[in-house]
Structure formats: structure tokens, C-alpha cells
Amino acid sequence: MAIRRPLELQYSEPPTLKEAFTILTRDKGARILAGGTDVIVSMREGKIAPSHIVNIKRIPGLDRIGPSPGGGLSIGALATIGSVEASAIVRNAFPMVAEAAHQLGSLPVRNRATVGGNLCNSSPSADMAQPLIALGAIAKISGPKGKRSVKLENFFTGPGKTVLSKTEILTDIRIPAPPKDSFSAFLKHGPRQCMDIATVNAAIMIRMKGKLCGDARIVLGAVAPIPMRAKRAEREIRGNPIEDETVRRTAEIAAHECVPISDVRGSADYRREMVNVLVRRLFGKALGSTPSR
Ligand SMILES: Cc1cc2nc3c(=O)[nH]c(=O)nc-3n(C[C@H](O)[C@H](O)[C@H](O)COP(=O)(O)OP(=O)(O)OC[C@H]3O[C@@H](n4cnc5c(N)ncnc54)[C@H](O)[C@@H]3O)c2cc1C
């Protein structure tokens, strides 16, 4: 059922975070707008009916992509998906993040859509979530009561829901420098090569310890209410050599531990099978990539 629209829709472009907090605190029906590629669609479909649109795009500095103070990389929440895809620093240090950006939507969508919007929209299939969680990214949040940091893997609380309160703004994502000898990869599976939401997407980061897997982070999308780490699968491979049999077992465990639903994009059984396939392929793709130094 469509939500009833308020009689008058207000619109603001606050020039600072402080002014944005003031509006968000004052107007309980306010909704943040970044690129608008999710918000506008939801409004048109009658799924949401904000009383006030707070366009945060004029707040300076929130689109920066660059080294973060403690090492690693900072991606501003307002950085567009297209700028992440094109960024030399992202491509060199975190190629799977650039690749995930490249596979999101179409060129016009990527030129408007922001990283922050993709994460705050909290779709289980959001393409930026899986690689950033695999890399151990941190969400930096600001609100009227101050700043806080949350591990990105703990940021999502349900479809369309995050840890953010109504008055808080995601300001940037911090990705720690990748550990030495680590390998990573992202894969997206859907009916079409582009312009399609993933049926399943997945990312991996593997750290080698000699010939054994020292650590692995396997993150699955569109197979649970939120992007999920396949922790049982990670335990299976950790401390073992990465070879056909161990990878096969790991992929099977990942397929068992995810909790997909059936929808227009695929049945739950199909999604499980795709997790099995993607996790196997992720190991091959990651180990075929250049390790971080
Ligand atoms: C044709 C089309 C194709 C698409 N294809 C894909 C795809 O392949 N993969 C994919 O993952 N997505 C896809 N999307 C979805 C969408 O483009 C992305 O989720 C996009 O990154 C959202 O960013 P935005 O800046 O447009 O967000 P907005 O629509 O502006 O906002 C999204 C939500 O986040 C909130 N928000 C935004 N920024 C902040 C912030 N900094 N702090 C707090 N809250 C904030 C808003 O209030 C809103 O609830 C597609 C959309 C379209 C229309």
C-alpha cells in the first residue's frame, strides 16, 4: 500500500553537517538525499513519503577519496560510485572495490549514486558492501551528539535498516591498509552483465601464512537480510592449504550457512548453489591476482 504523501514537501541544501543535524533533529519526517538513485525511486513508487528532503551534496569534503590519517584509505560518503571506479588510488590499493563499483548499475547511475547511499540504503545486494566488509572497513558516523565509528560488518541491521539514527550522517568509510601477502576478489552474479541488481554477490580477502591460509574473510550478498560473513566457511579454510578439496568443502559450508529467500531474481536453492559456485571461483580469482605488499 502506498504511503500517504505530506501536503507540502520541503527541500533543503544545508552547507554544513551542523546545519544538516539541526534540520534532521527538528523535522522527524526528514530524509537525507545524496545521489537520489534510491530515494527518488522509492518516493515515486510510494514506498516512502518524506516531509523534508535534506540534500547533503553541498556539504564540502564528504566526497574526498584519499589516504586516511591512520594509514589505509578514506572514501567519503558522497564519493560517487563512478569516482571510486575511476580512482587510481582505489584501483591500485583495493582493485576489488573499483571492480565492484564498475559493476554497479549503468554509467549514468554510477555518476550520481554515492558510496554512502549504497551502504545507507542497506539493500542485502548492495554491491559496495561485500568488498568493503571483506577488507575490514569502518563506517565513520557524525551526529548532533558527536562522532562514532562502527565496523561496516556491524553497520547493517536489516533490509533498509542500519545502526544510524534519524539524525546521524555517514561521513566516510575507512579501509585499513591490506595486510602483506593478502589476496582479494569480488564476483557478482545476475541475469545480465550490467544494469542489474545481483542475484548473489560475494567478496573474499585471503591472507597467506607460508603455504597455508592464515586468514580468510568471505562476505556474501543477497543471501541473507544483510550482507553476511560466512564465518563457518572462513573457519574451515583458516590454517589449511588452499587446494581443490579444502576449497570445495569451504564453498559447500558457505552455501549451507547462508539464509537466502526466493524472489523474482532466483529461488533460495538456486542462490545457495550460486554461493557454492561463486565461493569456489573467488579463491581462484583472488589467488590469481597480485598480492598486496
Ligand atoms: C537503474 C538503477 C540501477 C541500479 N543498479 C544497482 C546495482 O547494480 N547495484 C547496487 O548495489 N545498486 C544499484 N542501484 C541502487 C542505487 O543506485 C545505489 O544503491 C546507490 O549507490 C545509492 O546511492 P545514492 O547516493 O543515490 O543514494 P540516495 O538515493 O540518495 O540514498 C539512499 C539511502 O541512503 C540514505 N543516505 C544517503 N547518503 C547518506 C549518508 N551519507 N548518511 C546517512 N544516510 C544517507 C538516504 O536517506 C536513503 O535512505 C541501482 C539503481 C538504479 C536506479
Side-chain angles (χ1 to χ4, degrees), residues 11-14 17 20-21 23-24 27 29-45 47-59 61-64 75-85 97 99-132 139-144 147-148 150 152 155-156 158-173 186-203 221-222 227 265:
Y11 177 84
S12 307
E13 290 181 356
L17 277 172
F21 300 145
I23 301 168
L24 292 168
D27 194 336
R31 169 76 71 146
I32 293 166
L33 177 120
T37 62
D38 282 317
V39 168
I40 302 295
V41 174
S42 296
M43 285 174 71
R44 284 227 178 104
E45 291 175 348
K47 289 182 183 158
I48 56 169
S51 54
H52 198 143
I53 289 289
V54 185
N55 183 347
I56 58 171
K57 277 232 152 173
R58 286 196 193 275
I59 302 175
L62 294 188
D63 60 352
R64 174 183 173 273
I75 302 181
L78 290 182
T80 62
I81 303 293
S83 66
V84 171
E85 175 189 5
V97 176
E99 191 181 338
H102 175 66
Q103 292 192 34
L104 191 152
S106 60
L107 191 58
V109 170
R110 294 198 289 277
N111 284 340
R112 285 211 66 82
T114 63
V115 174
N118 191 246
L119 300 172
C120 295
N121 194 55
S122 192
S123 161
S125 61
D127 283 320
M128 300 312 296
Q130 280 55 248
L132 290 170
K140 304 295 265 186
I141 298 166
S142 276
K147 297 181 182 182
R148 62 187 178 119
V150 174
L152 193 61
F155 180 76
F156 308 96
K161 293 186 189 141
T162 68
V163 297
L164 292 179
S165 75
K166 285 266 185 199
T167 55
E168 285 181 314
I169 293 179
L170 176 69
T171 54
D172 66 307
I173 298 296
F186 169 79
L187 283 169
K188 173 173 179 175
H189 173 71
R192 288 186 291 179
Q193 286 286 306
C194 65
M195 275 297 283
D196 225 334
I197 306 293
T199 307
V200 177
N201 52 13
R265 293 201 173 79

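Being a predicted model, the structure only gives us computed values, none of them experimental. Atoms within each ligand, like the ligands themselves, are counted from 1 in listed order.
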- side chain to side chain contact (heavy atoms under 4.5 Å, CB included) between L24 and I169, worked out: CA-CA 10 Å; L24 292 168; I169 293 179; 4.1 Å; yes
- Note on the structure: Heavy-atom proximity to atom 31 (O) of ligand 1, picking from I197, T80, V39, D172, points to V39
- Message: I'd like to check whether L170 has a polar contact with ligand 1, where a contact means an N/O of the residue lying under 3.5 Å from an N/O of the ligand.
- Response: yes
- Message: Using a plain distance cutoff, I'd like to know if L164 has any nitrogen or oxygen under 3.5 Å from a nitrogen or oxygen of ligand 1.
- Response: no
- Query: Is M128 in contact with ligand 1, taking contact as a heavy-atom separation below 4.0 Å?
  - Reply: no
- Item | Identity of the nearest option to atom 4 (C) of ligand 1, non-hydrogen atoms only, from G105, G36, A77 | G105
- Query: Among all residues two or more places apart in sequence or in another chain, which pass the side chain to side chain donor-acceptor pair (under 3.5 Å) test with S125?
  - Reply: S123
- Task: For ligand 1, indicate whether the residue I56 contacts it via side chain, backbone, both or neither (heavy-atom separation under 4.0 Å).
- Result: side chain
- Query: Backbone, side chain, both or neither: what part of Q130 comes under 4.0 angstrom of ligand 1, heavy atoms only?
  - Reply: neither
- The option among N118, D127, T37 carrying the non-hydrogen atom nearest to atom 12 (N) of ligand 1 is N118
- Heavy-atom pair with the smallest gap, counting every atom of F155 and C120: CZ-SG, 4.1 Å
- Message: Within the supplied structure, the quantity of interest is the number of heavy atoms (other residues, nucleotides, ligands) at a distance under 6.0 Å from R148 CZ; does it exceed 12?
- Response: yes
- Task: Could you see which bit of A34 sits under 4.0 Å from ligand 1, with heavy atoms only: side chain, backbone, both or neither?
- Result: both
- Query: For K57, does the NZ atom have more than 12 heavy-atom neighbours from other residues, nucleotides or ligands under 6.0 Å away?
  - Reply: yes
- Query: Who pairs with D63 by side chain to side chain donor-acceptor pair (under 3.5 Å), at least two apart in sequence or on another chain?
  - Reply: none
